[in-house]
S.K.: 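Submitted below is the structure of interest, expressed as C-alpha cells.
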Amino acid sequence: MDQLLDLQEKCPSNNQECPVFDEVRRLREECKRLQELTQVDTLTGLFNFRYLMMSLEGEMERTRRTGLSTGLIMSDLDHFKRINDTHGHECGNEALQWIGKIWHEKLRRIDMACRYGGEEFIVILPGTRLPQAIRAAERLRFALENSPVKLNGKLVRLTASFGVDAYRGRKKLTVETFIKQTDHFLLEAKARGRNRVCYDENKITVAMEGLTLDEREALFATRRPER
Amino acid sequence: MPTKKAPVTLCITSGKGGVGKTSLTVNLAFALAEKGARVLIVDGDLGLANVDVLLGLSVKRTIRDVLDSGADPLESVIYLEPNLGVLPASSGVPEMVTLGPEDQSRLGSVLTTISSHFDYALMDTAAGIGPSVLWFNSFVNHNIIVLSPDPASLTDSYALIKILSRDHNRKNFHLVINLANSDGEGLQTYETLEKVAKKFLNLDLQYLGTVPDDKSVHKAVRGRYLFIQKAPQSKASQALFDLADRIKMLKEMTS
C-alpha cells in the first residue's frame, strides 16, 4: 500500500485540489519526519542508539545465515572534556557535529554511522571482513586528524581513538557482547596514546597477509642446487 | 565385525589444485577397502565436484539435497563395493563454495551420522583455502596434505598448513608427496616443508609417503577407471597400499 502511494504523484482521479490526496501526502511527510526522529540523532545527524541496536541485531543475524562478516568500529573523540572546558559546551557540540559530517562523507552508503552516546560513535559495516573494517577505521582517523574545525574562531585539530572487530557468525554472540568486545579495543587505543586504531591482531589470518619473505626464502633456499 | 567405535575421519587437501588429490583419495579408499575396512568417500569439493566424474557414477542425490530438502543422508550414499561408499557433491553450485555457518553445522551433523557406519571417512576437499576447505579440515581427526615437488605446490601447502595451525588450531599434519620422480624426491620435498614448518610454525609434520608419477595413473584418470584395480602391481598402486597400511596405524593411534 505504501509503495502504491509513493508511486502516485497526484490524485488517481485527477482532481487537482483533492483534499484526501493532500491529507495523504501530509501524513506521509509527517510519518517520514517521525520516523527520522525515532532513528536519527538530532545533534549529529547520524543514526541514534535505538537504530544502532536494531540494525546491529539484524546484521549479525545476516552474518549467521550468510557467513558474510559484520564489521564494527567504535570510536571516541579524544580529550572531549578539554574541548568543553576550554571552548565551552557549544563548541563541544560543534565538535561532535563535525565528526558526524566527516563520518557521513567517508563511509560507504551501506555503512551505518551511529552516535552511541556522549562522544562515542559506532559504525556498522555490513558484509565487511576485519581487514576492510580496519582500513575504514584508519580512513576515518586520518580524515578527522587532517580536517581541523573552527571552534570559537580558532582552528582546532580533533582526533579520535578507534576499536575494530568483526563478527564471523561462528558462535552465538549478543549485540551487547559484540559491542563490549569491540569497546575493549577502543580502550586499548586510548591506553596506547589515543588517535589510533586497535584490533585483535591474532584475527588477521594468513590468507590475508600471505607468507612472510623469510618463509618464502626458507621454502626455496633449500631447493637451490648447492654450489 | 560391526564395531561401535568412532570412525577415523581424514581430510585430503592440497592448497594447490592439480596435484592429484581426488585420484589419490579414491584409490586410497579402494586400497583400504581391499584390506577389509568399511570406507566412505565424501566429495568435499562442494562447488565443483569430481569424485563422481572420476568414478563414472551417475549421481541422483548429493550433499546439497541432504542439506536443502532433508533427504536421508544414508540413501544418498552410492556403494561401489559392499564396504565402500561415496557421498557425492553437486557440481557447479556456487553457493556451496562458501558455506554459511548454518549450513556448516548441518553438514557437520550429517557427516557425523553417515560416518558412524564406516571405519574410515575420507573427505576430498576443493583446492585453495576457501571457507569450505578450512571447514572440512577443522572437522576431521587427521589432516592429510597432498603436494607435488613443484615449488608452487610446496608454497601453497605451507600456506594452508600455516592457516590451519594458526587460525584453526590444527597441529597434526600428514604429508603425502604425489607425482614424485622418485621416493628420494618425495622425501626431499617433505624435508623441506618439515624444516620450514618447524622453524616458523613450531610444527612437527608427519611423513605418510610418496606416490611416484606413474603412467598407469594418467591413463586411469583419462579412462575413468582406477589404477589400483586395473594395475595393482604398478608402483603407484604399491605406494597406495603402503599408504593404506600407515593410515590403519593412525586408526590404532586414535582409538
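Below, chains carry the letters A, B, ... as their sequence lines are ordered, and counting in each starts from 1.
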S.K.: Under 4.5 Å heavy-atom distance to chain A, tell me which part of L134(B) shows up: side chain, backbone, both or neither.
M.R.: neither
S.K.: For K215(B), I'd like to know if atom NZ has over 12 heavy atoms of other residues, nucleotides or ligands within 6.0 Å.
M.R.: no
S.K.: Scan for salt bridge (charged side-chain N to carboxylate O under 4.0 Å, His left out) pairs involving residues 175-188 of chain A, sequence neighbours excluded, and state none if there are none.
M.R.: E188(A)-R192(A)
S.K.: Using a strict 4.0 Å threshold on nitrogen-to-oxygen distance, state whether K162(B) and E215(A) make a salt bridge.
M.R.: yes
S.K.: Could you tell me whether H168(B) atom NE2 has more than 12 heavy atoms of other residues or ligands within 6.0 Å of it?
M.R.: yes
S.K.: How far apart are the closest heavy atoms of L219(A) and T192(B), and which atoms are they?
M.R.: O-CG2, 3.5 Å
S.K.: K190(A): which residues meet the side-chain hydrogen bond (donor to acceptor under 3.5 Å, both in side chains) condition with it, sequence neighbours left out?
M.R.: D76(A), D78(A)
S.K.: Let me confirm one number: the CZ-CG distance from F200(B) to L211(A), rounded to the nearest 0.5 Å.
M.R.: 10.0 Å
S.K.: Looking at N172(B), I'd like to know if its CG atom is crowded, meaning that more than 12 non-hydrogen atoms belonging to other residues, nucleotides or ligands lie closer than 6.0 Å.
M.R.: no
S.K.: Under a 4.5 Å heavy-atom cut-off, does chain B meet the side chain of R64(A), its backbone, both or neither?
M.R.: backbone
